[in-house]
Participant: 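Dumping the structure here so I can ask a few things about it.
Quick caveat, the model's predicted, so the values are computed rather than measured. In each ligand, atom 1 is the first atom listed, and ligand 1 is the first ligand listed.
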Amino acid sequence: TGMQETTQAAVIAESLLKEVSKPYKIDQHILETSPSIGISIYPHDGPNVDELMRNADIAMYHAKEQGRSNYHFFTESMLITAHEKLKFEKELRAALQKGQLELHYQPQLHVAEKCISAVEALIRWKHPERGFITPDNFIPLAEETGIIHELGEWIFNEACRQLAAWKKAGIDNLRMSINLSVKQLHSKDLVKIISTTLANHNLSGSELELEITETAAMNNPELAVQQLASIRELGLGLAIDDFGTGYSSLAYLKRLPIQTLKLDKDFVRDIEHDQNDLEISTATIGLAHSLGLKIVAEGVETEGQFEFLVAHQCDYLQGYLFSKPLP
Ligand code: C2E
Ligand code: CA
Ligand code: CA
């Protein structure tokens, strides 16, 4: 009770996992358990104990699916039935074929050079009945059903096609930043897909950057280090997305072949009014610079945020203040 932030529940879950996983001795046997924890939070995940417990239970099964000794927060999408998932998968597959998916692009400003140096590709689903569906409403399910692999390949190809078209139209020195799902990061085919697509569009790796969330990078850090190193060999830039919202091991962070951290918009939002967010943002910029990394602030909406970030030597800025993602 009295939690300030949901992350506190995660900290407790982690220490519980650690304690409960410890081997114990019964008679002459050494026994081990691998606990799974589901977390639901009042009032967001249920108005009463029954519903909270039911949803925590559902979250626990998701934790179990991810392997031994895990915890998982409850999310609405877990309530979707297997039947609905199958239907969704079919719909998304059809959307891919019918050309209902689109990439929109949001500029990133290079503060020192006062120019647009990159754009981030953000996917949209133009649903004939439901209108534009935003990625938060279909990427998680696409990951769960595995269709993210086809989707990710389409996204990569489409972003490269657009970048090549812009180059042909005379727009030079623009980098394309593409979001990568954790599932793609774990895929054996990823490096091959990237190199083939680059060749098909006559692009060099240095014209692209991949964004991987902090949680994805830390989920299996050894694998991430390997995969990212191979991608880096192709010349692509690498950025850690949503930095500060997950749990980074700084030891691993140092080993990742990355060039950029993206300061999450949750911190930027209240930078002017919340002392904590101000300090976290300032410290993150400092951390990035002392590790030799560049930092991008996302979700910049106000002049005040803009001035603060520029004054604190943030390298790149992205947000509605400059432009929304555009088709
Ligand atoms: P993200 O990578 O953190 O992307 C930033 C999100 O913030 C985008 O939401 C963007 O439209 C929004 N945004 C940009 N500027 C502002 C601002 O000033 N204020 C506010 N409040 N929001 C701003 P969007 O497009 O809905 O994407 C949500 C998330 O979905 C992305 O978060 C990313 O994790 C995922 N996503 C989007 N496109 C792709 C994709 O092609 N592949 C994968 N794997 N994930 C994607
Ligand atoms: Ca991103
Ligand atoms: Ca973000």
Participant: Please confirm whether H104 and F132 have ring centers closer than 6.0 angstrom.
Facilitator: yes
Participant: Which residue and non-hydrogen atom of the protein lie closest to atom 41 (O) of ligand 1, and at what distance in Å?
Facilitator: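 In this structure, atom 41 (O) of ligand 1 has I155 CD1, 3.2 Å as its nearest protein heavy atom.
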Participant: Could you verify whether a donor N or O on one side chain and an acceptor N or O on the other, from Q227 and H186, lie under 3.5 Å apart?
Facilitator: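 Side chains of Q227 and H186: no pair found under 3.5 Å.
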Participant: Which residue and atom name correspond to the protein heavy atom nearest atom 11 (O) of ligand 1, and how close is it?
Facilitator: P325 CG, 3.4 Å
Participant: Any idea which protein heavy atom is nearest atom 5 (C) of ligand 1, and the distance to it?
Facilitator: K265 NZ, 4.0 Å
Participant: Once the angle between the rings of F308 and H312 is folded into 0 to 90°, is it parallel (under 30°), tilted (30 to 60°) or perpendicular (over 60°)?
Facilitator: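 The arrangement is parallel - the two ring planes meet at less than 30°.
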Participant: Using a strict cut-off of 4.0 Å, indicate which atoms of ligand 1 neighbour a heavy atom of E301.
Facilitator: 17 (C), 18 (O), 19 (N), 20 (C), 21 (N)
Participant: Would one find more than 12 heavy atoms of other residues, nucleotides or ligands at under 6.0 Å from atom NZ of K192?
Facilitator: no
Participant: Do you know which two heavy atoms are closest between L238 and L228, and how far apart they sit?
Facilitator: CD1-O, 3.6 Å
Participant: Can you list the ligand 1 atoms lying under 4.0 Å from a non-hydrogen atom of E298?
Facilitator: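 Those of ligand 1 that fall under 4.0 Å from E298 are 3 (O).
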Participant: As a check for students: among N137, N179, L151, identify the option with a heavy atom nearest to atom 43 (C) of ligand 1.
Facilitator: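 That would be N179.
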Participant: Of all the non-hydrogen atoms in the protein, which one sits nearest to atom 10 (C) of ligand 1, and at what distance?
Facilitator: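 Protein heavy atom with the smallest distance to atom 10 (C) of ligand 1: L122 CD1, 3.8 Å.
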Participant: So, regarding I123 and ligand 1 (criterion: nitrogen or oxygen to nitrogen or oxygen, under 3.5 Å), is there a contact or not?
Facilitator: yes
Participant: Inspect the contact between R93 and E150 and indicate whether a charged nitrogen and a carboxylate oxygen are less than 4.0 angstrom apart.
Facilitator: yes
Participant: Does the protein put a heavy atom under 4.0 Å from atom 3 (O) of ligand 1?
Facilitator: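 Within 4.0 Å: yes, protein heavy atom nearby.
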Participant: Just which atoms of ligand 1 are under 4.0 Å from any heavy atom in D136?
Facilitator: 28 (C), 29 (C), 30 (O)
Participant: Do any protein N, O or S atoms sit under 3.0 Å from the Ca ion (ligand 2), and which ones are they?
Facilitator: E120 OE2, N179 OD1, E211 OE1, D241 OD2
Participant: List the closest protein heavy-atom neighbour of atom 1 (P) of ligand 1: residue, atom name, distance to the nearest 0.1 Å.
Facilitator: D241 OD2, 4.0 Å
Participant: Classify the contact between E120 and ligand 1 as side chain, backbone, both or neither, using a heavy-atom distance cut-off of under 4.0 Å.
Facilitator: side chain
Participant: Of all the N, O or S atoms in D264, which one sits nearest to the Ca ion (ligand 3)?
Facilitator: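 Result: OD1.
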Participant: Identify the two heavy atoms, one from L101 and one from W154, that lie closest to each other, and give their separation to 0.1 Å.
Facilitator: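 Nearest pair, atom of L101 first, then W154: O-CH2, 3.4 Å.
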Participant: Is it true that E84 and K87 have a side-chain N and a carboxylate O under 4.0 angstrom from each other?
Facilitator: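 Not counted as a salt bridge, because no side-chain N and carboxylate O are separated by less than 4.0 Å.
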Participant: Counting each atom of ligand 1 from 1 as listed, which ones have a heavy atom of G319 under 4.0 Å away?
Facilitator: 15 (N), 18 (O)
Participant: Test the K324-Y320 pair against the cation-pi criterion, namely NZ or CZ under 6.0 angstrom from the six-membered ring centroid and within 45° of the ring axis.
Facilitator: yes
Participant: So is there a nitrogen or oxygen of T134 less than 3.5 Å from a nitrogen or oxygen in ligand 1?
Facilitator: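 No; the residue has no nitrogen or oxygen that sits under 3.5 Å from a nitrogen or oxygen of the ligand.
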Participant: So that I can tick it off, tell me whether E102 and K126 are bridged by a salt bridge, with the cut-off set at under 4.0 angstrom between side-chain N and carboxylate O.
Facilitator: yes
Participant: Can you name the atoms of ligand 1, numbered from 1 with element, that are less than 4.0 Å from a heavy atom of P135?
Facilitator: 24 (P), 25 (O), 26 (O), 27 (O), 28 (C), 30 (O), 36 (N), 37 (C)
Participant: With a 4.0 Å cut-off on heavy atoms, is K262 in contact with ligand 1?
Facilitator: no
Participant: Show me the donor-acceptor pairs within less than 3.5 Å that the side chains of residues 206-226 make with the rest of the protein, sequence neighbours left out.
Facilitator:
from	atom 1	to	atom 2	distance (Å)
S206	OG	S204	OG	3.2
E207	OE1	K167	NZ	3.3
E207	OE1	S204	N	2.8
E207	OE1	S204	OG	3.4
E207	OE2	K167	NZ	2.7
E209	OE1	S177	OG	3.2
E209	OE2	R175	NH1	3.1
E209	OE2	T260	OG1	3.3
E211	OE1	K262	NZ	3.2
E211	OE2	S177	OG	2.9
E211	OE2	K262	NZ	2.9
T213	OG1	A216	N	3.1
E214	OE1	G244	N	3.1
E214	OE1	T245	N	3.3
E214	OE1	G246	N	2.7
E214	OE2	S248	N	3.4
E214	OE2	S248	OG	2.5
N220	OD1	L223	N	3.4
E222	OE1	R255	NH2	3.4
E222	OE2	Y252	OH	3.0

Participant: Counting only nitrogen or oxygen atoms and a 3.5 angstrom limit, does E211 reach ligand 1?
Facilitator: no
Participant: Could you check whether atom CG of N48 has more than 12 heavy atoms from other residues, nucleotides or ligands sitting under 6.0 Å from it?
Facilitator: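 Correct, the count exceeds 12.
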Participant: Just wondering, more than 12 heavy atoms not from D172 lying within 6.0 Å of its CG?
Facilitator: yes
Participant: When you look at CE of M53, are more than 12 heavy atoms from neighbouring residues, nucleotides or ligands closer to it than 6.0 Å?
Facilitator: no
Participant: Do side-chain atoms of Q8 reach the backbone of Q4 as a donor and acceptor pair under 3.5 angstrom?
Facilitator: yes
Participant: Going by atom types only, do H149 and D189 share a side-chain donor-acceptor pair under 3.5 Å?
Facilitator: no
Participant: Ignoring hydrogens, just give me the one of F322, F156, Y320 whose non-hydrogen atom is nearest atom 12 (C) of ligand 1.
Facilitator: Y320
Participant: Using a distance threshold of 4.0 Å (strictly less than), state whether atom 30 (O) of ligand 1 has a protein heavy-atom neighbour.
Facilitator: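 For atom 30 (O) of ligand 1 the answer is yes, since some protein heavy atom falls inside 4.0 Å.
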Participant: Hey, which of E120, R124, Q318 is the one that makes side-chain contact (heavy atoms from CB on, under 4.5 Å) with P325?
Facilitator: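 Running side-chain contact (heavy atoms from CB on, under 4.5 Å) over E120, R124, Q318 with P325 returns exactly one hit, R124.
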Participant: Below 4.0 Å from any atom of ligand 1, is there a heavy atom belonging to K324?
Facilitator: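 No, K324 has no heavy atom closer than 4.0 Å to ligand 1.
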Participant: Report, in ascending order of atom number, the atoms of ligand 1 lying under 4.0 Å from any heavy atom of G299.
Facilitator: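 Checking each atom against G299, I get 16 (C), 17 (C), 18 (O), 19 (N).
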Participant: Considering only heavy atoms of D242, which atoms of ligand 1 have at least one such atom less than 4.0 Å away?
Facilitator: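 It comes down to these atoms of ligand 1: 3 (O).
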Participant: Crowded around H127 NE2? As in, over 12 foreign heavy atoms under 6.0 Å?
Facilitator: yes
Participant: So which heavy atom in the protein is nearest atom 15 (N) of ligand 1, and how far is it from that ligand atom?
Facilitator: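 Heavy-atom neighbour on the protein nearest atom 15 (N) of ligand 1: Q106 NE2, 2.9 Å.
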